Amino acid sequence: MNVRRSATVLAAVAVVGAAPPAAADPSPSPSQAFPSALYGGKDPKFDGVWRQSLALLAQDTVGVKPAAKSVEWLVRQQCADGSFAPYRADPTTACDAKTMVDTNQTAAAVQTLTALGGHDAVTGKAVTWLKSVQNKDGGWGYTPGGASDTNSTSVVIGALTAVGEKPEQVEKGGKSPYDALLKLALGCDGDGAGAFAFQPDEKGKLAANADATAAGVLGTLGKGMLVKPGEKTKATKGESCEDPNTPERAAANGAAYLTKALAKDGHLTSALAGADPQPDYGNTADAVVALAARGDTGQAEKSLRWLEKNSATWAAQNGPAAYAQLIFAAHATGTNPRDFGGADLVKQLNATGPAPQTAEKTRAADEKSDSDSGLFGVWWYVGVCLVAGVGIGFLFSGRRNRQQL
């Protein structure tokens, strides 16, 4: 019998007919700025649905069942037309023309809710909306009507694939998403050979973009954010660039570009105007996933080792989406995310939001076990007191403090 529980029972001796204390209120404190079901503590105005989707998808990937209220929060963010906005503080209020919905949050939610299962009506409406805002070039912009970009088009392809659609058959004006991506793929001349651009510049020129290239490789492969470790292929380092006239060729070119960009230091670099170049942890993780999706595991594994050694501070600062990206990268390379350079990414992700259902079940089992053992202890004490002739009743109450996952 637990020593603390024994002390509680002893303290209750001679207290007859006392009412049990109220259970602790599990609801968030009034000072909490954001819903308790939401992962991460930063303002969700621009990325609430995105980071929630990544967090829940990452949990599902490693066999952790997300908290029911967190899944419900994500579902309730959907507008009546099927789209998702980054964050709706009051989901009971209908979306209107001022609600800033976008393709990225919507496509991410589709990928996650499809993986979790049981949300066909939600994902079906979302895909219908995505098709309705497809551009005439076959691609998607971040917001409806915006110029197509590689990242948005690729994340929508991931959503289409997740629900069983064939992206090449989703057309607008006779153009598919792959047609849009091929127009954003650079040729084989210059330093950016083989890369993808985010969008054409004002003059219609394409500039290599590592982030867009990682997304473009996944998109042209018809993959989403989550990929299984693929069969190893020949290394793309030094592989000749060829005209990107097919999705497969564009993916090979893009992978070769990423391999070359990663080879020097093991990571991609972010260079903001007026700032010194810094390691780009998030895009490096995305590049690992992209390379692994194609089977280019050599550089993918090297860069993952770099992330294991160097990404802890970045992930802690950026929260659930960052932990999810690292889990996706680990999963894609067959690495255990629970032993990521000595860190448990799953535990760290879980700590940024509500305890997952698996943890809730564990706590429930513990409580039942404690209750059973506590009952035995109570009657043992009753027997002692009866033998002593006290003849009083006992009240047993209280809960052990438990550390949440």
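From a predicted model like this one, the values you see are computed outputs, not experimental measurements.
The two atoms that bring Ser270 and Asp280 nearest to each other are CB-OD2, 3.6 Å, heavy atoms only. The shortest non-hydrogen separation linking Trp129 to Gly82 is CB-C, 4.1 Å. Summarising the geometry of Val101 relative to Thr143, their closest heavy-atom pair is O-CG2, 4.1 Å, with the distance given to 0.1 Å. Closest approach of Val227 and Lys223 over heavy atoms only: CG1-CB, 3.8 Å. Contact detail for Val62 and Pro337: the closest heavy-atom pair is CG1-CG, 3.7 Å. The two atoms that bring Leu56 and Pro66 nearest to each other are CD2-CB, 3.6 Å, heavy atoms only.
There is a side-chain donor-acceptor pair under 3.5 Å between Lys69 and Ser36. For the residue pair Gln199 and Tyr142, no side-chain donor N or O sits within less than 3.5 Å of a side-chain acceptor on the partner.
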Starting from the C-alpha separation in whole Å, work towards a yes-or-no answer on side-chain contact (heavy atoms from CB on, under 4.5 Å) for Leu38 and Ser70. CA-CA 6 Å; Leu38 182 65; Ser70 292; over 6 Å; no
Before giving the answer on side-chain hydrogen bond (donor to acceptor under 3.5 Å, both in side chains), spell out for Asp120 and Thr123 the whole-Å C-alpha distance, their side-chain angles and the decisive distance to 0.1 Å. CA-CA 5 Å; Asp120 291 352; Thr123 57; 4.5 Å; no
Show your working on side-chain contact (heavy atoms from CB on, under 4.5 Å) between Val156 and Gln134 and close with a plain yes or no. CA-CA 10 Å; Val156 173; Gln134 184 177 15; over 6 Å; no
Apply the test side-chain contact (heavy atoms from CB on, under 4.5 Å) to residues Trp140 and Val155: give CA-CA distance (whole Å), side-chain angles for both, the deciding distance (0.1 Å), then the verdict. CA-CA 9 Å; Trp140 284 267; Val155 74; over 6 Å; no
Between Asp296 and Arg294, is a salt bridge (Lys or Arg N to Asp or Glu O under 4.0 Å) present by the stated rule, with each step listed? CA-CA 6 Å; Asp296 301 319; Arg294 190 174 174 270; 3.0 Å; yes
Using the side-chain contact (heavy atoms from CB on, under 4.5 Å) rule, take Leu181 and Thr220 through it: C-alpha gap first, then chi angles, then the decisive distance, then the call. CA-CA 7 Å; Leu181 289 181; Thr220 47; 3.8 Å; yes
Gln348 vs Thr352, test: side-chain hydrogen bond (donor to acceptor under 3.5 Å, both in side chains). Steps then yes/no. CA-CA 7 Å; Gln348 292 172 327; Thr352 67; over 6 Å; no
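Under a cut-off of 6.0 angstrom, the local environment of CG in Asp191 is sparse, with at most 12 non-hydrogen atoms contributed by other residues, nucleotides or ligands. Taking a 6.0 Å sphere around NZ of Lys125, one finds it holds more than 12 heavy atoms contributed by other residues, nucleotides or ligands. Residue-environment remark: CG (Asp189) stays at or below the threshold of 12 foreign heavy atoms within 6.0 Å.
Within the structure, disulfide bond (SG atoms under 2.5 Å apart) pairs that include any residue of residues 141-218 comprise Cys188-Cys241 (at least two apart or interchain). Applying the ring pair (Phe, Tyr, Trp, His ring centres under 6.0 Å) test to every pair with at least one member in residues 47-92, sequence neighbours left out, gives no pairs at all. For residues 44-62, the set of pairs meeting the salt bridge (Lys or Arg N to Asp or Glu O under 4.0 Å) definition, not counting sequence neighbours, comprises Asp47-Arg51. Annotation: salt bridge (Lys or Arg N to Asp or Glu O under 4.0 Å) contacts involving residues 247-258, sequence neighbours excluded, comprise Glu239-Arg249, Glu242-Arg249. For residues 303-329, the ring pair (Phe, Tyr, Trp, His ring centres under 6.0 Å) pairs, not counting sequence neighbours, are His267-Trp306, Tyr281-Trp306, Tyr281-Trp314. Legend: disulfide bond (SG atoms under 2.5 Å apart) pairs involving residues 79-134, not counting sequence neighbours, sorted by first then second residue: Cys79-Cys95.
Annotation: the span from Leu326 atom CG to Phe340 atom CZ amounts to 5.0 Å, rounded to 0.5 Å. Taking CD of Gln325 as the reference point, atom CG of Leu349 lies at 12.0 Å (rounded to 0.5 Å). Expressed to the nearest 0.5 Å, how far CD of Gln357 lies from CD of Gln59 amounts to 10.0 Å. With values rounded to the nearest 0.5 angstrom, Lys166 atom NZ is found 13.5 Å from Leu160 atom CG. Taking CG of Leu184 as the start and CG of Asp179 as the end, the distance is 11.0 Å to the nearest 0.5 Å. Here the CG atom belonging to Asp339 is positioned 9.5 Å from the CG atom belonging to Leu345, to the nearest 0.5 angstrom.
The side chain to side chain donor-acceptor pair (under 3.5 Å) search around Ser152 returns Asn104, Asp149, not counting sequence neighbours. In this structure, Arg88 has no side chain to side chain donor-acceptor pair (under 3.5 Å) partners at least two apart in sequence or on a different chain. Residues passing the side chain to side chain donor-acceptor pair (under 3.5 Å) test with Thr335, sequence neighbours excluded: Arg305, Thr333. Under the rule for a side chain to side chain donor-acceptor pair (under 3.5 Å), the partners of Asn135 that lie at least two apart in sequence or sit in another chain are Ser148. Residues meeting the salt bridge (charged side-chain N to carboxylate O under 4.0 Å, His left out) test with Lys131, sequence neighbours left out: Glu165. Applying the salt bridge (charged side-chain N to carboxylate O under 4.0 Å, His left out) criterion to Glu171, with sequence neighbours excluded, gives no partner residue.
At least one donor-acceptor pair under 3.5 Å links the side chain of Thr213 to the backbone N or O of Phe196. Side-chain atoms of Ser176 never come within 3.5 Å of backbone atoms of Gly138 as a donor-acceptor pair (strictly under, hydrogens ignored).
With contacts defined as side-chain heavy-atom distances shorter than 4.5 Å, the pair Leu291/Leu262 qualifies.
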